[in-house]
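Worksheet: one structure, shown below.
Naming convention: chains lettered A, B, ... in sequence-line order (proteins, then strands); numbering from 1 in each chain.
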Amino acid sequence: MTVPISQSKLQSNLTRYDHRLISEWVTEGSRVIDLGCGNGALLKHLHAEKNVSGYGVELSQEMIAQCIDNGINVIQFNLDQGLGHFDTNSFDTVILSLTLQAMRRPRELLNEMMRVGKQGIVTFPNFAHWRNRWQIAINGKMPENEQLPYKWFNTPNIHLCTIRDFHALCLDLGFEIESSVAVRTDGQQTLGLKALPNVFGEIALCRFSKP
Amino acid sequence: MFVPPDHSVGIVTPKTVVFDEPLELESKGRLESYQLVYETYGTLNSNKSNAVLICHALSGDHHVAGYHAVESGQDQSKTKGWWDTMIGPGKPIDTNRFYVVSSNNVGGCNGSTGPSSTNPNTNKPYGPDFPIVTVADWVRTQAKLSDHLGIEQWAAVVGGSLGGMQALQWSITFPDRLRHCLVIASAPKLNAQNIGFNDVARQAIRTDPDFHNGNYYNQHTSPARGMRVARMIGHITYLSEDMMGLKFGRDLRKKSKFDYEFTPEFEVESYLRHQGDRFVNRFDANTYLLMTKALDYFDPADEAAGSLTKALDQVKADFLVVSFTSDWRFSPERSREIVRALQSNRVNVSYSEIQCDQGHDSFLLEIKDYMAVMQSYMNRIANECLPNHHVKANK
């Protein structure tokens with residue numbers, strides 16, 4: 001993948017925390033694909049914790065060797081080409097972690113995820129986080145911060161959305177939202193986060209399925 | 001004096017094994033007995049779990065790594081094995097850890113029984129009477145070699161191009177006899193374009209007046225002109241358009257103006273002719289014909305009602321499949337077909353599509369990303385197959 005947002009940094013902050021959350025949503029011994037799997041750390045974790053089998057998908061050449069080092073099955077291709085690689089209903093869970101916002105056709109990819117798997121898990125940077133709102137409202141400029149470290153003209157994050165936007169799209173596609181959690185990258189649980197996830201959540205995790 | 005460089009397996013000596021038993025072939029042909037010439041590098045461990053089989057491509061042979069002894073006056077550096085970049089101490093297929101075996105395929109011309117060998121029934125070279133051999137036939141003879149070496153299960157069977165087809169066939173014919181299968185720059189079958197190229201090569205050879213219907217050995221000649229053309233067209237298809245542009249462009253040879261004549265004027269012409277000439281001196285035309293036919297016939301899905309998924313449904317090995325973006329002779333899409341069929345069977349498979357502009361020949365070259373993937377995968381095999389062995393991922 002073109003590494004969306006500063007994934008390495010996020011991963012180091014978030015890794016254990018979002019992996020733990022995702023792990024809770026994955027059934028023991030199930031079949032999983034991780035789209036945009038990076039260095040394969042999540043799948044490695046799921047394999048160790050939940051004995052899952054399956055594949056990671058990654059585009060970055062550098063990451064492929066690291067995935068192999070991590071002992072996972074990795075398939076190198078561009079997710080913008082769809083999931084034609086995978087048979088219909090062949091997986092229990094399809095994960096798309098911090099990658100949706102860099103896809104050319106996010107809507108089509110979500111549909112593909114639900115063709116291939118029973119449940120989908122998507123994580124994405126919440127564009128409605130207060131810091132982004134502040135930068136637009138006060139500075140009148142596109143947000144640029146730790147989560148979104150690019151300029152508007154060179155960002156790979158071409159389809160940013162908010163938690164509300166994402167829920168609306170799921171509804172539109174006829175998906176059922178099973179769980180939705182917003183987190184801070186430092187892993188802290190605050191009252192604000194609980195009350196207003198679309199304002200205080202930096203990263204959103206959403207689990208959905210076909211009814 | 002020539003000294004083999006570091007990370008070389010050094011000077012190696014081929015060995016020969018004779019199988020004094022008939023070989024029934026897929027083509028219904030039959031050899032009363034046959035021999036295989038092979039090389040080994042590294043040491044087989046006590047539980048025989050570190051053996052790696054290398055399968056060769058169209059014009060390759062058993063001499064995969066290291067150098068051969070030569071007579072005085074000959075240039076030893078020119079005897080380097082065809083995959084020396086990949087195999088040796090400290091290289092991705094590390095002979096400090098693995099026992100590496102490679103044999104010359106039956107039908108070959110470098111020591112294994114082939115068309116230029118003596119037919120025991122006639123005491124003359126087989127020539128055109130040598131039966132058609134297939135990828136599945138080769139795999140069965142390689143299994144005989146495994147038995148001879150006492151190797152029940154390979155840690156890995158590895159091959160590029162036609163060699164990759166053999167590795168794939170191994171996983172189908174002998175699912176229990178290999179732990180890992182590495183299929184590089186290969187395809188589950190040739191397409192019409194590929195078969196077309198092969199037939200151009202065959203026609204060039206077979207219509208050469210010196211071919212004598214394949215009985216050229218006793219005429220003390222060989223269809224050198226046909227072979228040269230066959231190799232030239234083959235060579236073009238192994239390179240990419242970009243690479244040829246980069247390497248030769250429209251450069252002229254030792255001059256700046258056209259002479260308006262038919263001698264080779266462009267660099268690319270002289271390069272291809274040189275490649276053709278070199279090939280004529282080292283390869284037998286009948287073998288070339290056989291190898292191209294084996295390529296054309298390979299299609300494991302054919303026996304499974306056209307379904308590659310079904311053909312691979314007994315596979316037990318884990319796979320690494322590698323392709324190269326500029327390879328148009330065995331394009332990435334063909335490798336993806338293999339990957340998809342393996343995925344459908346829930347086989348452990350990793351797939352890497354290496355960005356490079358060197359075309360089909362990339363699999364023989366030292367390309368950094370390719371080497372890194374191979375290194376990582378071989379580390380995984382070492383961790384899994386070698387007792388008390390743990391290799392840290394290289395950073």
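Under a cut-off of 6.0 angstrom, the local environment of NZ in A:Lys50 is crowded, with over 12 non-hydrogen atoms contributed by other residues, nucleotides or ligands. Heavy atoms of other residues, nucleotides or ligands lying less than 6.0 angstrom from CD of A:Glu108 number more than 12. Within a 6.0 Å sphere centred on CD of B:Glu333, heavy atoms belonging to other residues, nucleotides or ligands number more than 12. In the displayed structure, A:His167 atom NE2 is contacted under 6.0 Å by more than 12 heavy atoms of other residues, nucleotides or ligands. The number of heavy-atom neighbours closer than 6.0 Å to NE2 of B:His7, taken from other residues, nucleotides and ligands shown, is 12 or below. Under a cut-off of 6.0 angstrom, the local environment of CZ in A:Arg104 is sparse, with at most 12 non-hydrogen atoms contributed by other residues, nucleotides or ligands.
Contact of B:Ile354 with chain A is made through backbone and side chain together, with heavy-atom distances under 4.5 Å. With a threshold of 4.5 angstrom between heavy atoms, B:Val349 approaches chain A through its backbone and through its side chain.
A donor-acceptor pair under 3.5 Å links the side-chain atoms of B:Arg380 to the main chain of A:Ile72, judged by distance alone. Proximity of a side-chain donor or acceptor of B:Ser350 to a complementary backbone N or O of A:Val74 within less than 3.5 Å is detected.
Listed options B:Arg336, B:Glu353, B:Met374 were ranked by heavy-atom pairs under 4.5 angstrom with chain A; first place goes to B:Glu353.
For the pair A:Asn73/B:Tyr351, no side-chain contact is recorded, criterion being any heavy-atom separation below 4.5 Å from C-beta on. For the pair B:Gln355 and A:Gln61, the minimum side-chain heavy-atom distance is 4.5 Å or more.
With rounding to the nearest 0.5 angstrom, the CD1 atom of A:Ile68 is 10.0 Å from the CG atom of B:Asn379. For the atom pair CZ of B:Arg346 and CZ of A:Phe91, the computed distance is 7.5 Å after rounding to the nearest 0.5 Å. Between atom CD of residue B:Gln343 and atom CZ of residue A:Phe86 there is a gap of 4.5 Å, rounded to the nearest 0.5 Å. The structure places CG of B:Asp369 at 10.0 Å from CD1 of A:Ile64, a figure rounded to the nearest 0.5 Å. Rounded to the nearest 0.5 Å, atoms CD1 (A:Ile75) and OG (B:Ser352) are 10.0 Å apart.
Considering all non-hydrogen atoms of both residues, B:Ser376 and A:Ala65 come closest at OG-O, 3.3 Å.
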